[in-house]
Each structure stands twice: as structure tokens, then as C-alpha cells.
Peer 1: 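One structure follows; several queries about it will come next.
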Amino acid sequence: MTDSPTVLDLSDHPHRRLNLLTGEWLLVSPHRAKRPWQGDETPPLPSESAAHDPQCHLCPGNVRANGMRNPAYSGSYVFANDFPALTAMRHSLDAQDDILRAMPAAGEARVVCFSPHHSQTLPELSQHQVRQVVDVWCSEAAELSRRYTYVQVFENKGAMMGCSSPHPHGQIWASDFVPTQVATEDARQAEWLGARGSKLLAEVVEREEREEVRIVDRNEHWLAIVPWWAAWPFEILLVARDDVGTLPELQDEAREALAQILPRITARYDRLFATSFPYSMGWHQAPATSSRPEAWRLHAHFYPPLLRSASVRKFMVGYEMLAEPQRDLTPEQAAERLRAIEPFPQE
Ligand code: H2U
Ligand code: ZN
């Protein structure tokens, strides 16, 4: 440690940044991005292109793992997950244990096939087809939130993320409890509104539009940024610019704009390392039991694991597991790279 500190340079010196949505700090080490790399750089597997796979459990007309047959669907298709993590049966706890604590958990899980096509991912679908996915997310969230406290809409993409089927699909898990991360964001946004009289993510949007350096893409209704506090190298936060707290509240124009920006974001991802980019993405919205639903701004998180090529990923191990998340590439550098990509170059 030197005893006369120089002024912190965010693009060069180690520093910590606060994730306003979780209250957690992360370590940024920009100087380390320059170090030599001797890791694995094996080329990616060739990507799928078949329109229909007779072995696929999700393709139209095929039999699923539990013996049910999918209809010959032509748009997006939703079915009840055959192996749900949550079931609708409600249970009660007869005695509270202070040491080995538990609580009952009930809910429902569904699978959303984005389209009948076995290989076309979001950037390969037409805007009309992506709009169908958006409408399904909104209508499913509306229906399930009448019976459940929280509806988690998400997509796990790519074998690297543990996705079990290459047929593009997402999942919806509804629960009679508010999951941990959502409860944290709920409390943080409520606290922010109470303290500052404004919405946390509205202030973030306003600030990021002024600074520009972390913007990846935008349209009239949405702003896509690599957030100030991003933990994953190419993490994206997609925030609604309209004053909405849940998916069902999205109006026609915002849904259409979402169907426009989603393929653009995911096409940038695919072109970054010339591979079908793996990620987990999902929506965060106000839970039905929020004490301050008006503090919420609807948003989606994209958490992709890749760091420097189609096969070299970031591992959240060591310091990340035991202390706090850490990154080398700055969010500003990541945003600059994603922003520079032309999502759909003219052929
Ligand atoms: P991934 O998004 O992680 O690939 O999960 C796909 C889900 O699809 C998984 O939760 C369900 C699995 O239970 N599934 C069915 O419900 N029926 C099937 O026939 C295959 C997969
Ligand atoms: Zn399929």
C-alpha cells in the first residue's frame, strides 16, 4: 500500500461497484484484462439447423418423455412441464424447527416452445414470431399471477447452461412464495422509492442514457445496457422505459418494440464469438405481494457465461464463490464491443 493515494481511474485501477438491485458489491480489476491467457480455446461444435427432429420432445407432433404427444402447433406452444420443480399441492408444516428450518412450497411449471422450428433461436425468428413469444410470456404471467405470488419467466440457452433440449424454448415457474433474488430486488426498490421519492431503475435509465458508455441497444420502449455492476463479462440488463412493473402491463407498442430489440440483442451475442451464444435470461417483475409495487420497473437480466471465445467461459469460482464476484473486462469495454456489432448486416 502506498501512503499517498492517486485518484481512482475506473478504467485502470482495482475498485468495487455496488449492485443497486441486490445491495451487493463486486470487485473490478481492469488492469488484469491485459494478462496472458493459456486456457482452453477448442472450437465450438457446429450448430443445429434441422427444422424438425424426430427425436426431439419439443417438436410438433412428437411424443414427449412422459408419453404425451405435442399437437401439430404452428406458433408458440405452451405445455405443463412433465417434470415440474413445483407442484400445485399445498402442504402445511405441523411444527417449526428453529435449527433445521423449512417451509412448504407450491406452484406450477410450464415450458414455452418459441416456434415449431427445431433450431431457430430468437434472432432467427421473424419479429412476428418473437411477438408471439412476448404475448405468451405476458398472458401466462397474467393467468398464473392470479393464483400465485410470483411468476418467473426465463430461458436457459445452450448446453453450457445445462439446457436439456436444442429446440428453442423457455420456462415459466409460478410459486406461492417470492424467490430470494426477487425478494431482495423488491426490498431494494421499495427502499429507494422511500428514500428518494423516485424509482431506482428509472434513475438508472436516465443516468445511463446520459452517460451512453454502457448502452448496447435501445428503442423507444427499451434500453439495453451492460449494467454498471455487471458480474458476468457480457451481462445485459434490458429495462422497460415505460412505467410498467409487470409483463402483463406491457402495452401493444412496448410488446412490438420488445419483439424488435430481443432479436437484436441476441444477434449481437451470436456475432460476438461467432457461435450460438449460451445464456440464462429471465424477467424480474413486481410480485403480487409486493408492499410497494409502484417502486418496480420491469426488466430482464441476461447472464451469459462466455468470456473470450465460443469455448472459453468465465467460472464463478474461488474468490467469487467465497468472497464476492470479480471481473477483469470492464462493463464499459463489454458494452463497447456489443454496441459495435451490426446485429443484422445486409447480405
Ligand atoms: P431446460 O430449459 O433446462 O432445457 O429444460 C427443459 C424443460 O423441459 C425441463 O424442465 C421439460 C424438462 O422437465 N421437459 C418436459 O416437460 N417434457 C419433455 O418431454 C422434455 C423436457
Ligand atoms: Zn424440436
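We count ligands from 1, going down the list as the structure has it; atoms in each ligand are counted the same way.
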Peer 1: For atom 21 (C) of ligand 1, is some protein heavy-atom partner under 4.0 Å away?
Peer 2: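 False for atom 21 (C) of ligand 1.
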
Peer 1: What is the nearest protein non-hydrogen atom to atom 19 (O) of ligand 1, stated with its residue, atom name and distance?
Peer 2: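 Among all protein heavy atoms, the one nearest atom 19 (O) of ligand 1 is A65 N, 2.8 Å.
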
Peer 1: Has C113 got an N, O or S atom lying less than 2.8 Å from the Zn ion (ligand 2)?
Peer 2: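 C113 does not place any N, O or S atom closer than 2.8 Å to the Zn ion (ligand 2).
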
Peer 1: Heavy atoms only: which of N156, D82, V111 is nearest to atom 16 (O) of ligand 1?
Peer 2: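 The nearest heavy atom belongs to D82.
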
Peer 1: Show which atoms of ligand 1 fall inside a sub-4.0 Å distance from at least one heavy-atom site of S165.
Peer 2: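 What qualifies from ligand 1 is 4 (O).
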
Peer 1: Considering only heavy atoms, which of R110, Q171, R64 lies nearest to atom 7 (C) of ligand 1?
Peer 2: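 It is Q171 that holds the nearest heavy atom.
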
Peer 1: Have a look at Y279 and tell me which of T266, I265, I236, L306 forms a side chain to side chain contact (heavy atoms under 4.5 Å, CB included) with it.
Peer 2: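 Of all the options given, the one that passes is T266.
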
Peer 1: Just verifying a value: how many Å separate I225 CD1 and D217 CG, rounded to the nearest 0.5 Å?
Peer 2: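 The CD1 atom of I225 sits 12.5 Å away from the CG atom of D217.
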
Peer 1: Nearest protein heavy atom to atom 12 (C) of ligand 1, by residue and atom, and its distance?
Peer 2: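 In this structure, atom 12 (C) of ligand 1 has N81 OD1, 3.6 Å as its nearest protein heavy atom.
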
Peer 1: Going by heavy atoms in the side chains, are R188 and E185 under 4.5 Å from each other?
Peer 2: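 A side-chain contact is absent here, since even the closest heavy-atom pair is not under 4.5 Å.
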
Peer 1: Hey, which atoms in ligand 1 end up nearer than 4.0 Å to a heavy atom of F79?
Peer 2: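 What qualifies from ligand 1 is 15 (C), 16 (O), 17 (N).
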
Peer 1: Is there a ring-ring contact (aromatic ring centres under 6.0 Å, His included) between H52 and H118? Walk through the geometry before answering.
Peer 2: CA-CA 5 Å; H52 185 93; H118 179 69; 7.7 Å; no

Peer 1: Distance from Q189 atom CD to R292 atom CZ, nearest 0.5 Å?
Peer 2: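 If I round to the nearest 0.5 Å, the distance is 12.0 Å.
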
Peer 1: Does CD in E253 sit with more than 12 non-hydrogen atoms of other residues, nucleotides or ligands closer than 6.0 Å?
Peer 2: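 No, the 6.0 Å shell around CD holds no more than 12 heavy atoms from other groups.
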
Peer 1: Has R313 got its NZ or CZ under 6.0 Å from the middle of the six-membered ring of F315, at an angle within 45 degrees of the ring axis?
Peer 2: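 Yes.
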
Peer 1: Looking only at protein heavy atoms, which one is nearest to atom 4 (O) of ligand 1, and how far off is it?
Peer 2: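 Ranking protein heavy atoms by distance from atom 4 (O) of ligand 1, first comes S164 N, 2.6 Å.
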
Peer 1: May I ask whether H169 has any heavy atom positioned less than 4.0 angstrom from an atom of ligand 1?
Peer 2: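 Yes, that is the case, since the closest heavy atom of the residue is under 4.0 Å from the ligand.
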
Peer 1: Please calculate the ND1(H167)-the Zn ion (ligand 2)-ND1(H118) angle and round it to 10 degrees.
Peer 2: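 Rounded to 10°, it measures 110°.
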
